[in-house]
Amino acid sequence: MSKDKSAKIPTPQPVRGTQDMLGDFADRFAYVVETFERVRRLYGYKRIEVPVIEPTAVFARSLGETTDVVSKEMYSFEDRGGESITLRPEFTAGIARAYISNGWQQFAPLKVATHGPLFRYERPQKGRYRQFHQLDAEVLGSDSPLADAELLVFADQLLKELGVAEGVTLTLNTLGDAASRDAWRAALVEHFMGRKADLSEDSLARLDKNPLRILDSKDPRDRPIADSAPDIDAFLTNEAQDFFGAVTAGLDAAGVAWERNARLVRGLDYYRHTAFEFVTDRLGAQGTVLGGGRYDGLIENLGGPPTPAVGWAAGIERLAMLLADDLIDTRLDFVIALEDDGRLMFAMNALAALRNKGFATEIVATGSPRKRFDKAGKIPARALISIGTRDGEPYVNIRGDDELTISGSAIISAL
RNA sequence: GCGAUCAUAGCUCAGUUGGUUAGAGCGCCGGUUUGUGGUACCGGAGGUCGCGGGUUCGAGCCCCGUUGAUCGCCCCA
């Protein structure tokens, strides 16, 4: 060890937009995942694992022509063989690729769920990171509106069981089938062209690239124009109308509250019919907690057979931030304060016995013996055991939760 | 890619119109209580004030640059 400060080794900085978690937030994170794993079983969704890395084509092809996303917001690199690899920015495309690769058509309709890290090369802000984590649920190979409805009921129950449903609203829209969508899009472009002079600069650019996006613009100049734009309803084919009606009927039957948001859109062309977001105003600019929709065109885009599918994803960090403060009890059962090092072996024996009986137990046996009781008292635990010597005799004292005090005494006196 | 705000001890922050040896709380380490006791008292360690230039007799404070963070815009699969 050198004390020469000039020889100090510089500490590498974490990659921008990544995070380290310890304690409270890590516990919340795990709680979200555990709850998801429990609830997805209730709905019969199979656990699925797909790679974190995929050939870039998996995402580039699924995302189509949306240049910004592909060119600027993916983590891509060349491997040693010269192949372009991308860190997955979403689950859906990888799962769709796996569905084709493994011939999972034989299992259709296939209900799957997964969770894990995703990567997007974006500017970090509240609830938005470069490495982030999502829960994901998909139904592949079903064209039934019941699949959409079930997925939404699943999502609704998950949010309720997490205790975050308060202040979170399910907003729902339909993008219709291909024919409905094309007709609506044409009408929107015509509407916006007529008001071109009043649109914001951003929306003028959207008019070329992605006119549907003008509908959810945040710019106050765009709002009156967006609000007066035609809804898709007048352009829906009978089939599309029936489909949406069946989804909402399914939600009503299951008692799931929802709101129509005729301004909710998706940028990518493979989206059909149902589009939805669970939104909150508690997360700053990143208000979407869980979102998804039907993507009947995606698997075909990847070279697979025409396959209807629907799914959603939810940000684990965002859900973790919404959890109530006192939701998770991370207290130990016991904490032992060893106040006399002469009793160390006895204390270790007691520690092992308590742990073997299934009690979460920690020991404080370092530092000034006189301070160990105070130190132990600061560790969150339901009962405190002090072990020491009094009048030359060993003594053990347990205080705290009544039941634990009794079972703890029994275990220790049996030693 | 754009904008705003910020950067002082391990953590959370003070630091007055630029003026001697840069402070507090928490945490850490040690001591005190001859105690059945839980946030007490005393002491200690720990800081090139993000980094690099500049202005000045003198800069934590002012100016420029740079790096990073936060929040927002764009984008949002």
Side-chain angles (χ1 to χ4, degrees), chain A residues 4-6 8 10-19 22-23 54 58-75 86-96 118-130 132 134 136 200-206 209-210 212-213 216-219 264-271 275 277 283-288 291-293 295 297-298 301 311-313 315 335 337 339-340 364 366-381 383-391 395-400:
Chain A
D4 184 358
K5 288 190 175 179
S6 66
K8 199 176 166 189
T11 305
Q13 292 182 332
V15 173
R16 178 193 288 257
T18 61
Q19 46 181 345
L22 171 70
E54 292 277 358
V58 168
F59 306 111
R61 224 175 276 157
S62 78
L63 293 168
E65 78 293 347
T66 50
T67 50
D68 250 25
V69 169
V70 173
S71 64
K72 290 173 62 178
E73 308 204 10
M74 294 204 313
Y75 257 106
T86 294
L87 267 37
R88 64 183 179 198
E90 60 163 345
F91 279 113
T92 308
I95 291 172
L118 303 173
F119 303 84
R120 296 181 186 176
Y121 199 85
E122 297 184 291
R123 196 70 175 258
Q125 52 192 52
K126 189 179 182 66
R128 194 175 192 182
Y129 308 95
R130 286 190 174 178
F132 60 105
Q134 284 188 341
D136 187 88
S200 67
E201 304 77 39
D202 284 337
S203 285
L204 279 176
R206 291 184 183 113
K209 292 196 297 189
N210 206 349
L212 299 202
R213 278 285 169 204
D216 54 14
S217 169
K218 290 173 186 167
D219 195 305
L264 178 61
V265 294
R266 291 278 114 98
L268 303 177
D269 284 337
Y270 58 68
Y271 280 100
E277 290 182 359
L283 288 175
Q286 310 303 323
T288 301
Y295 51 93
L298 172 61
N301 279 5
W312 56 249
V335 60
E339 298 188 281
D340 175 358
V364 177
T366 57
S368 167
R370 287 184 162 171
K371 285 189 175 166
R372 291 183 196 166
F373 186 90
D374 286 348
K375 207 176 186 179
K378 288 178 185 172
I379 296 174
L384 172 57
I385 302 173
S386 58
I387 296 176
T389 303
R390 193 186 171 204
D391 301 328
Y395 83 93
V396 176
N397 184 42
I398 308 183
R399 342 174 83 213

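Given the structure is predicted, the values throughout are model-derived calculations rather than measurements. Proteins come first, then strands; the chains are lettered A, B, ... in the order of their sequence lines, and each starts at number 1.
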Between the protein and nucleotides 36-39 of chain B, are there any N/O to N/O pairs under 3.5 Å, and if so, what are the atom names and distances?
{"from": "B:U36", "atom 1": "O2", "to": "A:Asn397", "atom 2": "ND2", "distance (Å)": "3.4"}
{"from": "B:U36", "atom 1": "O4", "to": "A:Arg390", "atom 2": "NE", "distance (Å)": "3.2"}
{"from": "B:U36", "atom 1": "O4", "to": "A:Arg390", "atom 2": "NH1", "distance (Å)": "2.6"}
{"from": "B:G37", "atom 1": "O6", "to": "A:Ser386", "atom 2": "OG", "distance (Å)": "3.0"}
{"from": "B:G37", "atom 1": "O6", "to": "A:Asn397", "atom 2": "ND2", "distance (Å)": "3.0"}
{"from": "B:G37", "atom 1": "N1", "to": "A:Tyr395", "atom 2": "OH", "distance (Å)": "3.3"}
{"from": "B:G37", "atom 1": "N2", "to": "A:Glu339", "atom 2": "OE1", "distance (Å)": "3.4"}
{"from": "B:G37", "atom 1": "N2", "to": "A:Tyr395", "atom 2": "OH", "distance (Å)": "3.4"}
{"from": "B:G38", "atom 1": "N2", "to": "A:Gly377", "atom 2": "O", "distance (Å)": "2.6"}

Check your understanding: Starting at the 5' end of RNA chain B, what dot-bracket string do you get if Watson-Crick and G-U pairs under 3.5 Å are bracketed, crossing pairs use [ ], other-strand pairs use | and unpaired bases use dots?
Key -> (((((((..((((.....[...)))).(((((.......))))).....(((((..]....))))))))))))....
With a cut-off of 3.5 Å and sequence neighbours excluded, list every side-chain donor-acceptor pair involving residues 373-380 of chain A.
none

Exercise for review: Can you sort out the partners of A:Arg61 under side-chain contact (heavy atoms from CB on, under 4.5 Å), two or more places apart, ordered by chain and number?
Suggested key: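 Counting only residues at least two positions away or on another chain, A:Arg61 forms a side-chain contact (heavy atoms from CB on, under 4.5 Å) with A:Ala57, A:Leu302.
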Point to revise | Non-neighbouring partners of A:Tyr271 that pass side-chain contact (heavy atoms from CB on, under 4.5 Å), sequence neighbours left out | key: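 If we apply the side-chain contact (heavy atoms from CB on, under 4.5 Å) test to A:Tyr271, skipping adjacent residues, the hits are A:Leu175, A:Arg181, A:Arg266, A:Leu268, A:Tyr295.
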Check your understanding: With sequence neighbours excluded, what pairs up with A:Tyr121 under the ring pair (Phe, Tyr, Trp, His ring centres under 6.0 Å) test?
Key ->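 A:Tyr121: ring pair (Phe, Tyr, Trp, His ring centres under 6.0 Å) contacts with A:Tyr75.
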May I have the distance from [X] (atom [atom1]) to [N] (atom [atom2]), rounded to whole angstrom?
X	N	atom1	atom2	answer
A:Asp136	B:A77	CG	P	14 Å
A:Met74	B:C76	CE	P	14 Å
A:Asp202	B:G72	CG	P	17 Å

Review point. Closer to the 5' end of RNA chain B via nearest nucleotide, is it A:Lys375 or A:Arg213?
Key: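 Counting from the 5' end, the first nearest nucleotide belongs to A:Lys375.
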Check your understanding: Out of B:C29, B:A77, B:G31, which nucleotide sits closest to the side chain of A:Lys371?
Key ->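 Per side-chain heavy atoms of A:Lys371, the pick is B:G31.
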Exercise for review: Counting heavy atoms from C-beta on, name the nucleotide in B:C75, B:G31, B:A77 closest to the side chain of A:Arg128.
Suggested key: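 Taking heavy atoms from C-beta onward, the closest nucleotide is B:C75.
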Check salt bridge (Lys or Arg N to Asp or Glu O under 4.0 Å) between [X] and all other residues, then give those that pass, not counting sequence neighbours.
X	result
A:Arg120	none
A:Glu122	A:Arg128
A:Arg130	none
A:Glu90	none

**Study point:** B:C76 OP1/OP2 closer than 4.0 Å to side-chain N/O of A:Asn210
**Key:**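 Affirmative; the distance criterion is met.
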Check your understanding: Looking for any heavy atom pair under 4.0 Å, which part of the strands does A:Arg372 touch: base, sugar-phosphate only, or nothing?
Key ->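 Counting heavy atoms under 4.0 Å across all strands, no contact is made by A:Arg372.
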Exercise for review: Determine the contact category for A:Glu90: base if any of its heavy atoms lies under 4.0 Å from a base atom, sugar-phosphate if only primed atoms, P, OP1 or OP2 are that close, otherwise nothing.
Suggested key: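 The answer is sugar-phosphate, as A:Glu90 gets under 4.0 Å only of primed atoms, P, OP1 or OP2.
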On a whole-Å scale, what distance lies between the [atom1] atoms belonging to [N] and [M]?
N	M	atom1	value
B:C61	B:U8	C1'	11 Å
B:C57	B:U20	C1'	14 Å
B:C42	B:G25	P	10 Å
B:A4	B:C76	C1'	22 Å
B:G43	B:A7	C1'	32 Å

Review point. With sequence neighbours left out, what residues match A:Thr92 under side-chain hydrogen bond (donor to acceptor under 3.5 Å, both in side chains)?
Key: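 Only A:Glu138 meet the side-chain hydrogen bond (donor to acceptor under 3.5 Å, both in side chains) criterion with A:Thr92.
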Any N/O pairs under 3.5 Å between the protein and nucleotides 66-71 of chain B? List them or say none.
{"from": "B:A69", "atom 1": "OP2", "to": "A:Arg16", "atom 2": "NH1", "distance (Å)": "3.4"}
{"from": "B:A69", "atom 1": "OP2", "to": "A:Arg16", "atom 2": "NH2", "distance (Å)": "3.4"}
{"from": "B:C71", "atom 1": "OP2", "to": "A:Lys126", "atom 2": "N", "distance (Å)": "3.0"}

